[in-house]
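Here it is: the structure, laid out below.
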Amino acid sequence: MSKNPAGNNTDKQLAKLLVVDDDSDIVQVLKRGLLKNGFTVNAFSKPQEALQSFKSNAESYCLVLSDIRMPGLSGMQLARKVKEINPNVKVVLMTAFEIRDDEFSKVFPSTSVDGFVQKPIGIKDLTDKILSLIRDSKRRTNED
Amino acid sequence: MKSVKQEGKVVKGSSQEIADMLADEKKKLMEPGAHNIIIYNDLKAFREIYSQYSRALLTENEIVVIASQYDTTSDVRNTLRLAGVDIEKYLNQGTLFIIDAQHGYQQDADNSGIWKLCQSLISRAGKEDRRGVTFIGDLGSFFNFEKIEELMQYELSLPQKYEDTLKGICCYHSEDFENLSETQQQTLFDHHFKSIWVK
């Protein structure tokens, strides 16, 4: 693996990600790109299966990356459920649509999301965003 | 068409078969005033249906409104282009409307935004001597926002049969629809003119 100017390989190696998008092509592209960048990745195109995986391994995931608009279980609903199981997990939601913060805060006022990403996004930018959230989380843990 | 089953109000078939039936006026699946429901099992099927049906309608001087929940408006445009629709022509002449279903349904407290749009287009269709208005809309936003009671109220507020210049298809991804109780599902089936299942 080449040195990544974006950061510390140890952070990535320790970072297990859950990636969810109902578009299976997008899931595969994201999984390949993030694996190539050194992360450990479990990826799903069915949000219910992703949630099951999370429930089985809640403490092992440090970040969930999910599409917002998915039939059956939306990204916001998934965010709420994973945060209920493990409040320390970071959640980043992706969308190809316009992001309207007020839509979510009205309907899911008690669910905190750690970041939003507009699709399409390059793997490098996505990696940088994920790493910044992981490092922020580690910093807060060390301070506590 | 041999695999298409039609028993009373219920029609079942592949996406291609359903698309063909919708476009064929002789099949009377979408007769004037029809307020139907479609349950689709994946986005590819939904794209096939709305693109082929829209292509047929637009060439018949109909105004078409597509409100998609899981495809962006750009995705819908691309899908229509791939189906051979001259979307620039129809967008420019004002007979094709592509909107974000979530914004359309959820921007007003009573979820009436899209209905109001259709009503204004019916009026315009009459003035411009258009054949009518057909609306194809995905109700997925109600599930995304956990507004099931509002969904039921909205659907039941609409007539089972519209006035003759309007046709409508309420579309549900099967994974959303399955989140409804059996009673709610049956209520919606009973309320719509025909129920169309995509296999």
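Because the structure is predicted, anything quoted here is derived from the model rather than measured. Just so it is clear, the values below take in all heavy atoms, side chains as well, and ignore hydrogens, waters and symmetry mates.
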Next item on the list: Please name the pair of heavy atoms, one in Gln69(B) and one in Arg69(A), separated by the smallest distance, quoted to 0.1 Å.
Entry: O-NH1, 2.9 Å

Next item on the list: Report whether Met152(B) and Phe189(B) are members of the same hydrophobic cluster (ILVMFWY, side-chain heavy atoms less than 4.5 Å apart, transitive linking).
Entry: yes

Checklist line | Rounded distance (nearest 0.5 Å) linking atom CD of Gln102(B) with atom CD1 of Ile68(A) | finding: 8.5 Å

Checklist line | chain A contact via Asp176(B) - which portion, at a heavy-atom distance below 4.5 Å | finding: both

Checklist line | Per-residue contact mode, Phe143(B) against chain A (heavy atom under 4.5 angstrom) | finding: backbone

Item checked: Over all atoms of both residues, closest heavy-atom pair of Asp100(B) and Phe97(A) -> OD2-CD2, 3.8 Å

Next item on the list: Find out if a path of hydrophobic residues (ILVMFWY) with successive side-chain heavy-atom gaps under 4.5 Å connects Tyr172(B) to Ile99(B).
Entry: yes

Check: Tell me, do Glu175(B) and Gln48(A) make a side-chain contact under 4.5 Å, heavy atoms counted?
Finding: no

Next item on the list: Enumerate by number any residue of residues 76-89 of chain A whose heavy atoms lie under 4.5 Å from heavy atoms of chain B; in the absence of such residues, state 'none'.
Entry: Gln77(A), Arg80(A)

Note to self: For the NZ atom on Lys161(B), are there more than 12 heavy atoms of other groups (residues, nucleotides or ligands in this structure) within a distance under 6.0 Å?
What the structure shows: yes

Margin query: Side-chain heavy atoms nearer than 4.5 Å, only ILVMFWY residues, links allowed to pass through others: does that put Phe177(B) and Tyr105(B) together?
Written below: yes

Notebook entry, point to check: What part of Asn144(B) is in contact with chain A, defined as an atom under 4.5 angstrom from a non-hydrogen atom: side chain, backbone, both or neither?
Noted result: both

Check: Can you get from Met94(A) to Val29(A) by hopping between Ile, Leu, Val, Met, Phe, Trp and Tyr side chains that sit under 4.5 Å apart?
Finding: no

Check: Do Leu117(B) and Ile63(B) sit in the same hydrophobic cluster, where Ile, Leu, Val, Met, Phe, Trp and Tyr count as joined when their side-chain heavy atoms come under 4.5 Å apart?
Finding: yes

